[in-house]
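As C-alpha cells, the structure follows; a few thoughts come after it.
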Amino acid sequence: MNPALQRALDACSSEQIHLSAAIQPHGHLISCQLPDWTIRHVSANVESLTGAPPEAMLRHSLREFLTDDLIQSIAETIGFGEPGAPPQRAAVANIGLLAHLCDVSVHVADGLVHIEIEPQPRSAGERSPTVVAQTMIARVANSANIADFNQRVAEQVRLLTGYDRVMVYRFRHDDAGEVVAESRDSELTSYLGLRYPASDIPAQARALYLRNRIRVIPDARYTPVPIVPDRDARGMPLDLSQHALRSVSPVHLEYLANMGVAASMSISIIAGGRLWGLIACHHRVPRRVPPGVRAAADLFGLFVSMRIASREQQHAAAVEEEARSVRDTLALRLANASTPRMALAGELDLLVRAVDCEGAGLLQDGHWHSAGRAPAETSVPSLLAWLRREGVGTGGVVSTERAETWAGSLEAADGLAGVLAVPLDLGRDEWLFFFRCEQVEDVRWAGSPETPFVIDEEGDKIGPRASFAAWHETVRGLSAPWCDADFRVVERLHLVVRERYRRTGPQVDASDI
Ligand code: BLA
C-alpha cells in the first residue's frame with residue numbers, strides 16, 4: 001500500500017473515539033462520586049434539565065437536584081451491574097424542569113456513577129422490552145438456514161424500530177464487510193451484497209463495539225455538547241466507552257452525511273468473542289428511538305449473537321468429529337502397515353476427507369502422489385521453490401491462498417489457488433500438500449476500494465469517500481482463506497503422521513492427541 005494511504009489509515013485507527021469529551025444533545029449526563037453523590041462532571045446542557053448551570057452543580061450533591069426516590073432507584077440499579085458493564089435503565093421519571101418523562105440509565109466506570117438522562121420522545125403505550133424481544137425471537141427462531149435467519153433478523157429490527165433501512169453486516173476474515181441481509185423502504189436502492197473496506201469501521205471502533213453492544217445517533221447533524229470539566233482529577237478526559245450518549249467520531253458523521261443518512265443505530269453481533277457483524281440501521285431524516293425500544297433491540301441482538309455463535313460451534317464440532325474419525329482410521333491403518341511411511345501414499349483420499357480442501361499431494365522419495373484436485377507432477381519444482389522462499393526450516397505448516405505465489409501464474413495453477421504444505425522430512429524434501437480451488441469472485445464494492453477515503457493536500461486530514469457508487473472487481477487467483485480451524489485439523493493430522501513417518505521411534509495413539 002502506498003505510504004500516504006497507510007499513514008492515513010493509521011491516523012484513522014488511532015482516533016481515541018472513547019475520549020471525545022462530549023455527548024450528543026438528545027440527553028444529559030451527570031457523573032457523581034459515592035458515597036455522597038458528589039457531582040464531578042455534567043454535560044454543558046444540564047441547565048435545561050435541572051435549572052442550574054454546570055458551575056452551580058459541580059461539587060454539590062446530586063441530592064440537591066434529584067428526588068430521593070430517583071436516587072434510590074439509581075443506587076439499586078448500580079447494585080446489579082459490574083463496574084464497566086453497559087448502562088442499565090434505572091427509572092422513568094419526571095425530572096426538574098422538563099415537562100415530559102425522562103429515561104434514566106446508569107453505569108459505573110472509573111470510580112464514578114454515570115447517569116444519562118434522556119427526555120422520552122413518546123410518553124405512553126410502550127410495551128415491555130422483554131415481551132417485545134420475546135416476540136421477535138419467536139419470529140426468527142425457526143429459520144430454515146442462516147440466510148433466512150439473517151433476513152428475518154433485518155425484518156424484525158425494522159418492524160421494531162421503524163428505520164428506513166436495516167442491514168445485517170458481516171465482517172470477513174480481512175475485516176472488510178458485506179451486507180448479507182437487508183430490509184428497506186422500497187424507495188431506497190439496495191445495498192444487499194455490497195462490500196465495504198475495513199477502514200470504514202476502523203480497528204478501535206470494532207474493539208469498542210465488542211464491549212458496547214448498541215449505539216444510536218438520532219441526528220447525525222448534531223452539535224456535540226461538551227462535558228464540564230473536560231478532564232478528571234488525573235487530567236484525563238472521561239472514558240465514554242459505555243456511555244449511550246457518547247459523541248461519536250466526526251469522520252463517521254461525515255460518512256453518514258455522504259451516504260445520505262440522518263439517523264442511525266447499530267447493534268453488535270458477537271460470536272466466540274469476535275465481532276461477527278453488526279445490525280446496521282439507517283434513516284433519511286432524524287429519528288429518535290425510545291430507550292425501551294433500544295433495550296428490546298439490545299436483548300434481541302444478544303439472542304442473534306448467541307444463535308450465530310451456536311451455529312458456528314456446531315459447525316466446528318462437526319468438522320472436528322470428522323477429522324477425529326479420519327485420524328483414528330489413519331493411525332490404525334498406518335500402525336498395521338508393514339512400512340507406515342510407504343503406506344501414506346495410499347491414504348491421500350482419506351486425508352482429503354479430514355481437511356476442507358479439494359485435493360492432496362504427497363512428495364516422497366522424489367515421487368509425486370495425488371488425490372482429488374491436485375497439480376500435475378510438473379508443478380512440484382515451483383511448489384518447492386515457493387517453500388524455499390518462505391524460508392521453511394522451523395518444521396511448521398506453510399500456507400497461501402494465492403495461486404501466483406506457488407505456481408507463478410494463474411494458468412500454471414490450473415484452477416487451483418490455495419495450498420497448505422505440511423513438512424514430513426525437511427532433509428529429504430518430503431511434504432504433504434492440501435489444495436483448494438480458485439474462487440473467482442465478482443465483488444461489488446460500495447465505492448472504489450482503491451480510494452476508500454479522501455485525504456487533503458497536506459495529507460493530514462482524512463475524510464470518508466464521497467461516492468458509494470457500486471464498483472465492480474473480479475478477484476482471480478485466490479481460494480477461500482485457510483482459517484484457524486483448518487490449521488488445527490492439519491496440525492493434529494501432522495502429529496499422527498509424523499510419529500509413524502519416523503523410521504524408528506515411539507508410536508502414539510490418535511486418541512492421545
Ligand atoms: C464507525 N462506520 C462506523 C460504524 C459503521 C460504519 C456501521 C459504526 C457506527 C455506529 O455503530 O454508530 C460503516 N455503516 C458503515 C458501513 C455500512 C454502514 C460499512 O451502514 C454499510 C452498509 N470511516 C471512514 C474513514 C474513517 C472512518 C475513512 O470511512 C477513518 C478516517 C472512521 N467509522 C470511523 C470511526 C467510527 C466509524 C472512527 C467510529 C464512530 C464512533 O463510534 O465514534
Side-chain angles (χ1 to χ4, degrees), residues 5-24 154 163-172 175-182 184 188-220 222 224 240-269 275 277-283 289 294 297-298 301 444-449 451-456 460-468 470:
L5 274 188
Q6 187 58 54
R7 267 199 309 281
L9 266 186
D10 294 344
C12 207
S13 52
S14 55
E15 181 188 346
Q16 300 211 291
I17 58 176
H18 62 301
L19 303 180
S20 60
I23 61 164
Q24 299 182 48
Y163 283 102
D164 281 342
R165 183 197 300 275
V166 176
M167 296 164 282
V168 177
Y169 182 79
R170 180 178 187 175
F171 290 106
R172 289 162 39 89
D175 295 331
E178 273 164 2
V179 176
V180 295
E182 177 183 54
R184 68 186 149 88
L188 295 169
T189 56
S190 174
Y191 292 169
L192 189 63
L194 284 182
R195 188 176 297 181
Y196 296 75
S199 53
D200 282 21
I201 314 178
Q204 84 283 28
R206 293 193 302 270
L208 179 59
Y209 302 164
L210 272 176
R211 293 193 288 139
N212 149 339
R213 296 190 300 256
I214 182 163
R215 297 146 303 270
V216 184
I217 306 173
D219 182 354
Y222 72 89
L240 302 178
S241 294
Q242 292 293 10
H243 288 62
L245 293 170
R246 176 177 63 86
S247 183
V248 305
S249 162
V251 185
H252 180 55
L253 294 175
E254 211 181 321
Y255 181 95
L256 290 176
N258 292 357
M259 263 190 164
V261 173
S264 76
M265 172 169 92
S266 90
I267 307 165
S268 306
I269 304 177
L275 190 64
L278 300 171
I279 303 173
C281 312
H282 290 173
H283 210 60
V289 177
R294 268 155 35 203
D298 183 30
R444 284 167 57 233
W445 290 92
S448 160
T451 46
F453 40 74
V454 292
I455 320 175
D456 71 356
D460 47 30
K461 189 184 174 300
I462 168 167
R465 62 193 176 285
S467 165
F468 291 88

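When a ligand or atom number is given, it counts from 1 through the structure's own listing order. Values below: all heavy atoms of this structure, side chains included; hydrogens, waters and symmetry mates excluded.
In terms of the salt bridge (Lys or Arg N to Asp or Glu O under 4.0 Å) criterion, Arg246 has no residue partners (sequence neighbours excluded). Partners of Arg195 by salt bridge (Lys or Arg N to Asp or Glu O under 4.0 Å), not counting sequence neighbours, listed by chain and number: Glu178, Glu441. Applying the ring pair (Phe, Tyr, Trp, His ring centres under 6.0 Å) criterion to His282, with sequence neighbours excluded, gives no partner residue.
At a cut-off of 3.5 Å, with distance as the only test, no side-chain donor of Ser268 or Arg213 sits close to an acceptor on the other residue.
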Quick check for students: name every N or O atom pair between ligand 1 and the protein closer than 3.5 Å, with distances.
{"residue": "ligand 1", "atom": "2 (N)", "partner": "Asp200", "partner atom": "O", "Å": "2.9"}
{"residue": "ligand 1", "atom": "2 (N)", "partner": "His252", "partner atom": "ND1", "Å": "3.4"}
{"residue": "ligand 1", "atom": "11 (O)", "partner": "Arg215", "partner atom": "NE", "Å": "2.8"}
{"residue": "ligand 1", "atom": "11 (O)", "partner": "Ser266", "partner atom": "OG", "Å": "2.5"}
{"residue": "ligand 1", "atom": "20 (O)", "partner": "His282", "partner atom": "NE2", "Å": "2.7"}
{"residue": "ligand 1", "atom": "23 (N)", "partner": "Asp200", "partner atom": "O", "Å": "3.2"}
{"residue": "ligand 1", "atom": "33 (N)", "partner": "Asp200", "partner atom": "O", "Å": "2.9"}
{"residue": "ligand 1", "atom": "42 (O)", "partner": "Tyr209", "partner atom": "OH", "Å": "2.7"}
{"residue": "ligand 1", "atom": "42 (O)", "partner": "Arg246", "partner atom": "NH1", "Å": "3.4"}
{"residue": "ligand 1", "atom": "42 (O)", "partner": "Arg246", "partner atom": "NH2", "Å": "2.8"}
{"residue": "ligand 1", "atom": "43 (O)", "partner": "Arg246", "partner atom": "NH1", "Å": "2.8"}
{"residue": "ligand 1", "atom": "43 (O)", "partner": "Ser249", "partner atom": "N", "Å": "2.9"}

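Checked options Glu254, Glu15, Gln204; the residue passing with Ser249 is Glu15 (criterion: side chain to side chain donor-acceptor pair (under 3.5 Å)). The side chain to side chain contact (heavy atoms under 4.5 Å, CB included) test with Ser241 is passed by exactly one of Leu208, Ile17, Asn212: Leu208.
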